[in-house]
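Structure, as structure tokens:
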Amino acid sequence: MSEYKDKIDKTVWSYSRIGTFNSCPYSFYLQYLLDKDVRNKQYPPEDNFYAELGGYVHEILEMIFKGELSIDDAPMYYMEHYNENVKTKVKKSIMDKKYEACADYFAEVDFGWLKSFDILGVELKINTEIEGYKFIGYIDLLLRDKSDGDIVLLDHKSAKYPLGKKGQILSASKNGFESYKHQMYLYCKAVEEMYGEFPKKIVWNHFADGGRFMSIPFKAEEYEDALNWFVEQIRMIEKEEEFAPKIDFFACSQLCNFRKSCEYRPKYEPWKNKKKNKK
């Protein structure tokens, strides 16, 4: 049993917390188990470009769906407030490409289809419990179809559209897609508790990839798989003793909240070591 049992037992779990552990157990340790004052002093957390951009687009979409910002004004709002919300820098070519993709999305998107739905929730906070483990999350958009009363669960994603030309899941997107399904099925549990029924459809809005929609029907067996996955992941964390780092170049150098302070940084920055050796 982990020496961090007391902290883990008190945890209110989220999809992102489990995702952090899967990406790097050491990052999970720094973020959630290390004393907060020690962490902030020795390993000050920082934002990353991708999270900032995704969060900014989510914020604009929330304003639109709540009626606080018109779709006609969204493109200008996106451009005018971009620098206030996206501050972390990466390669200029990447930043320019992502900026333009989201700008094009707001300039071209048509939400006329929304007239066929009642909005049940926007950034809807949900709380549920799965085999004694508390879970919290936020549903980007929850809808009810006016024609048949079916509930639709929709999530905004900055990730690439996962389907190939023949409708198959692309190999590069397979792991991410399976993970996103787990997240949405966990949300389905809270929806059923609130409305007495499960969503009939799960939809992803890939706003940074042309605003294409990917949808799947709700399947009971996949729902049960997601609940089992959730419990298994937490039990794995409960048993963890070492919280060893998982070194991945992109995750460590671009996404990790501790990428500048982590003591394992030299292991994924070989080019800096080479420069030192040349001197």
Side-chain angles (χ1 to χ4, degrees), residues 14-28 30-32 43-64 74-75 77-107 109 123 137-141 154-163 169-184 204-214 245-262 264-265 268-269 271:
S14 66
Y15 170 77
S16 62
R17 286 199 178 206
I18 293 177
T20 298
F21 178 80
N22 287 332
S23 296
C24 178
Y26 189 63
S27 179
F28 178 90
L30 294 179
Q31 183 71 37
Y32 301 113
Y43 306 94
E46 55 188 309
D47 294 320
N48 74 73
F49 166 76
Y50 301 93
E52 287 180 342
L53 178 59
Y56 180 45
V57 173
H58 271 75
E59 177 185 305
I60 295 176
L61 289 171
E62 178 182 358
M63 294 170 66
I64 292 172
Y77 184 95
Y78 169 79
M79 292 185 287
E80 289 181 345
H81 299 277
Y82 179 86
N83 290 330
E84 302 168 24
N85 291 275
V86 185
K87 301 176 182 179
T88 304
K89 307 299 181 184
V90 292
K91 283 182 64 174
K92 185 176 185 302
S93 58
I94 294 175
M95 294 185 68
D96 289 347
K97 182 179 180 180
K98 295 290 185 181
Y99 174 87
E100 291 170 5
C102 294
D104 289 344
Y105 170 71
F106 284 118
V109 68
E123 287 298 318
Y138 293 85
I139 295 174
D140 289 345
L141 190 61
L154 188 149
D155 195 57
H156 308 304
K157 278 284 178 279
S158 60
K160 290 184 177 180
Y161 185 74
L163 296 185
I169 300 294
L170 297 171
S171 57
S173 302
K174 187 174 181 180
N175 290 338
F177 177 66
E178 290 301 318
S179 182
Y180 296 152
K181 281 203 299 184
H182 286 150
Q183 177 188 21
M184 297 293 270
W204 290 273
N205 167 27
H206 292 272
F207 60 79
D209 193 2
R212 289 192 284 177
F213 289 102
M214 165 71 185
K246 186 182 293 184
I247 308 301
D248 174 85
F249 174 77
F250 182 75
C252 292
S253 63
Q254 302 293 322
L255 304 180
C256 180
N257 289 341
F258 309 100
R259 58 190 179 277
K260 292 182 181 178
S261 56
C262 176
Y264 296 98
R265 182 179 177 85
Y268 62 82
E269 284 194 339
W271 64 90

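Note that the coordinates shown come from a computational prediction; the quantities given were computed from them, not determined experimentally.
Rounding to the nearest 0.5 Å gives a distance of 11.5 Å between CG of N22 and OG of S27. To the nearest 0.5 Å, the span separating CD on E46 from OG1 on T88 amounts to 7.5 Å. Taken from CZ in F106 to CE in M79, the straight-line distance is 11.0 Å, to the nearest 0.5 Å. Taken to the nearest 0.5 Å, the CD atom of E123 stands 10.0 Å off from the CD atom of E59. Taken from CG in N48 to CG in L53, the straight-line distance is 10.0 Å, to the nearest 0.5 Å. Note that SG of C256 and OH of Y264 are 12.5 Å apart. Values are rounded to the nearest 0.5 Å.
In terms of heavy atoms, P162 sits closest to M214 at CG-CG, 4.1 Å.
Geometric assessment of K98 against the ring of F49 yields a negative cation-pi assignment under the 6.0 Å and 45° thresholds.
The existence of a salt bridge linking K157 and D155 is confirmed by a sub-4.0 Å separation between a basic side-chain nitrogen and an acidic carboxylate oxygen.
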Trace of the side chain to side chain contact (heavy atoms under 4.5 Å, CB included) decision for K89 with M95: CA-CA 8 Å; K89 307 299 181 184; M95 294 185 68; 3.8 Å; yes
With side chain to side chain contact (heavy atoms under 4.5 Å, CB included) as the criterion, how do L61 and N205 come out once you've worked through the C-alpha distance, each side chain's angles and the decisive distance to 0.1 Å? CA-CA 11 Å; L61 289 171; N205 167 27; 4.2 Å; yes
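Residues Y99 and Y78 bring their aromatic ring centres within 6.0 Å.
Every pair tested for salt bridge (charged side-chain N to carboxylate O under 4.0 Å, His left out) that includes a residue from residues 49-58 fails, sequence neighbours excluded, so the list is empty.
Without hydrogens or angle criteria, D140 side chain to H156 main chain gives a donor-acceptor distance under 3.5 Å. Between the side chain of T20 and the backbone N or O of S16 there is at least one donor-acceptor pair closer than 3.5 Å.
Ring geometry for Y43 versus F258: interplanar angle over 60°, hence perpendicular rather than tilted (30 to 60°).
Side-chain contact annotation: Y161 with S173, donor-acceptor N/O pair under 3.5 Å absent.
When side chains are defined from C-beta on, L170 does not count as touching L163, because their heavy atoms never get closer than 4.5 Å.
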